[in-house]
Structures are given as C-alpha cells and as structure tokens.
Amino acid sequence: MFKKRHLLSMREFSREEMDSVLETAASLEPFARGKRSDMLSGKILALLFFEPSTRTRMSFETAMKRLGGSTINLGSAEASSIAKGESLADTVRVVGGYADAIVIRHPKEGSARLAAEFSPVPVLNAGDGAGHHPTQTLLDLYTIKKERHLEGISIALVGDLKYGRTVHSLAYALSLYGAEITLISPPTLRMPDQIKSDLSSRGTIVREASDLGEVMGSIDVLYVTRIQKERFPDPVEYNKVAKSYRITPESLQQMNQGLIVMHPLPRVDEISPEVDMTSHAVYFKQSFYGVPVRMALLKMMLEDEGGQEQ
Amino acid sequence: MERELKVKPIRNGTVIDHIAGGQALNVLKILGISGTTDASVSVVMNVPSKRLGKKDIVKVEERELGEDEVNKIALIAPSATINIVREYAVVEKFEVDLPCEIMGVVRCQNPSCISNTQEPIKSRMLVKRKNPVLLRCVYCEQPLTERIADYLI
C-alpha cells in the first residue's frame with residue numbers, strides 16, 4: 001500500500017489506509033518495546049532535520065533501529081553542505097543515493113513536496129514549517145484508538161488552533177471517524193474559517209468555545225497545544241491567556257472519569273505537572289506511540305524490497 | 001459598441017477584448033510591455049460593455065499572442081477574448097482559458113513557501129476555480145485569489 005510512496009500530508013490518506021497503519025503499529029508494539037527484529041535489516045534511513053526536534057527525530061531513529069535498520073544523519077545544517085549554499089533539491093538527490101528513505105523536517109512550507117520531486121527514494125514529511133506533520137497525526141490517532149476509541153469520539157482541541165499544524169490535520173483525520181470536535185482557544189488564535197468550513201462540509205460537528213468550563217463533562221479527549229509567547233505582542237496579555245487555558249487537577253475534576261489528556265509536547269505551562277500523576281494524562285504514552293506508528297510506516301514503505309537485489 | 005471607439009483598426013497583431021475594467025495596464029505588464037516599449041500599442045479603458053459593465057481593450061500591433069501569454073491574461077481577465085488580426089481581418093478568435101495548472105507565472109504569496117527560495121523549481125499553481133480565479137500553491141497549498149496581478153512573475 002505504501003511501498004515506494006512518499007508520505008507528505010494526511011490529505012493523501014483514505015480511512016482504510018489510516019486503519020491499516022494503525023493496525024500494523026499495534027502489531028509492532030512488542031518490537032517498539034525492545035523485542036528483537038530484523039525486518040528492515042540492511043536498510044538505511046536518512047534523517048534530514050533542518051530544524052530542532054527531539055521526539056520526531058529520535059523516535060524515527062528508534063523505529064528504524066528497532067526494526068534492524070540503521071540511520072544516517074545530516075547533523076546540524078551548519079556543519080553540512082547546506083552552509084555552503086547547497087539547495088534542498090541537490091541535498092535530497094545526493095542523500096537519496098545513500099539511503100532507502102528520507103525523513104525531512106524543514107522550516108519552509110512545501111519543502112517536503114519539493115524533496116519528493118527530486119528524491120529517488122520515498123520522502124517522509126516530519127514537519128514543513130506551518131504545513132503538514134502527518135506522522136504526528138497518525139500517532140495521535142493511534143493514541144486515541146489505544147486509550148479510548150476512534151469511532152464517534154468527542155474531542156476538545158485546546159490552545160493555539162490558528163498556527164498549530166498538528167491540530168489542523170488531526171481535526172481533518174478525525175472527521176473521517178465521525179468525531180465531534182470542540183474548539184477552545186483565545187479569540188486571536190481561533191481555527192481558520194476555511195478549515196472549519198471544510199470540516200463541517202464533511203458532516204463533522206464543530207463547536208467553538210472560549211472557555212474550558214463550557215465543555216466539562218461532555219468530552220472524551222482533551223487535546224492541548226502550546227500557546228506560544230511570540231504570538232502575543234503584549235506579555236501581560238499572554239500571561240493572562242496562558243493561565244486561563246492551563247490544565248490542572250482541579251480543572252479536570254468536573255471532567256468525565258475516562259477523559260484522556262493529550263499533548264504533542266513539548267509542554268511549557270499548559271498542563272501542570274500534578275496532572276501527570278492522574279489517570280487522565282496520556283501524553284508520555286502518546287510520545288512513545290510515535291515509535292510503533294513510525295515503525296509501521298517504515299515497514300510498509302521499505303519491507304519486501306529487502307535482500308531482493310543482486 | 002466598438003465601432004464607436006476612436007481607436008483605428010490594426011493591420012496585423014492582437015486585439016484583447018473584454019478585459020475587466022481597469023486591468024489593461026496589468027495585461028500590458030503580463031505581456032512584458034513597459035513604458036519604454038517601441039511597439040505600437042493602443043489601450044482603451046473603462047468603456048461601456050454589455051457583458052462586463054465596463055471593459056478595457058488592448059491592441060498590440062505586429063504581435064500574435066502565444067498560448068503561455070494567453071494563459072497569463074486569464075489570471076487577471078478571465079473573460080478576455082483574443083483576436084488575431086492579419087491584414088485587417090480577424091483570422092482567429094478565442095476566449096482565454098486557464099489550464100488546470102500553471103507553472104512559472106504567479107509566485108506564491110506565502111513568504112515561507114519553499115517556492116519563494118533559491119531552489120531550482122518554477123512556481124506551480126493549481127487552478128481551483130476559473131472565474132473569479134482561485135489558485136492554490138502546489139507546494140505549500142496556500143490559496144491565492146485577490147490581487148493576483150501583484151504576484152505575477
């Protein structure tokens with residue numbers, strides 16, 4: 001299904017394809033936890049990270065190594081030919097000659113698509129500026145499926161819904177599973193109208209609220225994102241907003257017993273550390289689930305070719 | 001209506017009619033005709049039109065427009081008609097029509113788009129709607145629908 005195919009955005013996924021990735025990820029969880037595998041033995045994954053990343057870069061690396069493959073790394077852009085002015089197009093053509101697939105994170109929107117145009121091997125988009133980050137969406141879906149259920153879920157997306165790239169593609173993907181979506185954000189960081197109308201046109205119920213208290217008790221998943229300080233010209237205003245959207249054990253008391261709290265991480269102040277101890281907190285599991293989900297994608301893209309040549 | 005205009009017929013060249021009122025100078029820009037041209041060009045602006053209310057007309061002598069140039073005009077004047085004139089007679093007449101995708105004509109308005117860097121690529125825009133024009137960048141997916149003339153390459 002994914003053999004030799006690029007992975008650039010969630011728009012390219014049908015629901016069947018998402019289900020297939022999630023099922024494969026579930027079957028790979030024992031290997032993600034350390035069971036030995038040589039499914040991708042001899043395969044090489046190139047990591048081109050032009051921007052800082054902890055979870056995405058390390059979980060891709062872990063995923064590849066857990067499957068018996070290996071990784072090569074661009075390292076910091078300053079130490080590579082990028083510093084000499086090499087184009088991205090040339091870089092992926094060169095690196096595509098060294099590896100079986102390329103993972104790319106780049107600050108410019110559309111960079112992964114450009115890379116796919118020039119790369120001789122599959123390209124996986126690990127974040128292109130404010131554009132797409134499909135593997136994050138898939139691991140979010142996997143988390144919801146594992147910790148609750150995907151069908152007809154009631155989810156509240158909280159925080160920066162304007163610039164946060166993860167929530168846009170998550171909302172789109174959840175619309176394929178009949179989700180009810182509540183958007184909770186400061187007025188200046190509301191989800192763009194175009195995305196809201198796109199969701200509504202797919203039959204998704206979309207509600208907006210400016211306060212967490214308005215949705216208490218009616219939701220299954222609270223998906224919290226970081227509100228970035230730089231979005232606010234006035235630090236006082238930022239502090240006020242950040243405080244009002246902060247998740248604490250007290251704010252969770254009125255929620256459903258089975259409510260799960262997710263966060264793509266890194267968090268700053270959005271979720272108080274005391275929440276970590278509650279049964280609601282799944283964000284560290286969520287970051288772990290990035291490994292089996294990325295293993296599934298790598299396996300589906302790269303397996304079966306192994307050892308065929310020569 | 002055109003017979004009332006005091007612009008004489010051209011012998012050879014192209015007449016672009018039914019340009020949306022006020023867009024004639026942008027059409028000239030698309031055609032690469034600047035203020036220092038030595039081509040014979042007639043421009044008529046904001047004359048009454050049954051179809052458009054107001055329209056502009058551009059006549060360029062000794063030049064027959066190619067398909068690429070016609071496509072570009074459709075971006076800012078989707079109702080324009082092109083008349084190819086030889087020896088005072090219209091030998092070919094057609095309406096402008098945008099293809100599904102246009103390359104290297106309009107740059108993306110998103111300053112963070114990879115197509116606005118030094119990469120060895122041409123801009124690529126999908127035509128999502130023809131009239132009024134709605135474009136979407138193939139790379140960053142940002143839509144472009146207003147002030148398209150400002151983004152002509």
Side-chain angles (χ1 to χ4, degrees), chain A residues 6 8-13 48 50-51 77 81-95 102 104-119 123 125-134 137 162-163 165 168-169 172 192-198 201 230, chain B residues 20 26 29-30 67-69 71-72 74-78 98-153:
Chain A
H6 303 294
L8 304 179
S9 95
M10 286 310 293
R11 278 179 197 241
E12 297 152 10
F13 274 79
L48 300 187
F50 297 87
E51 268 191 337
S81 294
I82 312 302
K84 297 174 189 163
E86 187 177 53
S87 67
L88 178 61
D90 281 4
T91 304
V92 295
R93 276 186 284 201
V94 169
V95 174
I102 293 174
I104 180 170
R105 169 170 292 184
H106 192 282
K108 295 286 182 184
E109 282 113 64
S111 51
R113 192 164 297 277
L114 176 138
E117 278 181 16
F118 288 92
S119 171
V123 169
N125 185 4
D128 58 336
H132 297 280
H133 192 2
T137 302
K162 186 173 182 183
Y163 301 100
R165 63 184 164 205
H168 297 167
S169 53
Y172 165 77
D193 288 340
Q194 191 198 332
I195 298 175
K196 277 185 289 189
S197 60
D198 194 26
S201 71
E230 55 268 31
Chain B
N26 282 328
K29 186 180 170 189
I30 287 175
E67 194 184 343
D68 282 356
E69 293 163 304
N71 288 344
K72 289 188 195 181
L75 288 168
I76 56 158
L98 280 175
C100 303
E101 183 181 330
I102 49 169
M103 280 182 79
V105 177
V106 182
R107 71 181 161 80
C108 179
Q109 65 172 336
N110 175 7
S112 296
C113 177
I114 193 75
S115 68
N116 283 323
T117 61
Q118 298 300 311
E119 295 295 330
I121 50 166
K122 285 183 172 177
S123 83
R124 286 174 62 191
M125 291 280 176
L126 294 175
V127 178
K128 304 302 286 182
R129 193 180 59 214
K130 292 188 178 181
N131 194 1
V133 176
L134 170 63
L135 305 176
R136 199 175 78 199
C137 175
V138 166
Y139 292 100
C140 76
E141 300 176 2
Q142 179 117 347
L144 178 63
T145 184
E146 286 170 357
R147 302 171 64 84
I148 289 174
D150 292 352
Y151 297 96
L152 293 169
I153 291 170

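Protein chains get the first letters and strands the later ones, always in sequence-line order, with residue 1 at the start of each.
- You'll find the side chain of A:F118 reaches within 4.5 Å of the side chain of B:I121, heavy atoms only.
- Considering OG1 of B:T117 and CG of A:L88, their distance stands at 8.0 Å, rounded to 0.5 Å.
- The heavy-atom pair separating A:K108 from B:P111 by the smallest distance is NZ-O, 3.7 Å.
- Within 6.0 Å of the NZ atom in A:K162, the count of heavy atoms belonging to other residues, nucleotides or ligands does not exceed 12.
- Ranked by heavy-atom pairs shorter than 4.5 Å toward chain B, the options A:S87, A:G131, A:S9 are led by A:S87.
- For the atom pair CG (A:L114) and CZ (B:R124), the distance works out to 10.0 Å, reported to the nearest 0.5 Å.
- Of the listed residues (B:P120, B:C108, B:S115), the greatest number of heavy-atom pairs within a distance under 4.5 Å of chain A belongs to B:P120.
- Atom CG in A:D90 sits 8.0 Å away from atom CD in B:E119 (nearest 0.5 Å).
- In this structure, chain A has a heavy atom under 4.5 Å from the side chain of B:E141, while its backbone stays farther away.
- For CD of B:E146, the number of neighbouring non-hydrogen atoms (other residues, nucleotides, ligands) closer than 6.0 Å is 12 at most.
- Interface remark: of the candidates A:Q194, A:H106, A:E117, A:E117 forms the most heavy-atom pairs closer than 4.5 Å to chain B.
- In this structure, B:C137 and A:E109 have side chains that are not in contact, with every pair of non-hydrogen atoms separated by 4.5 Å or more.
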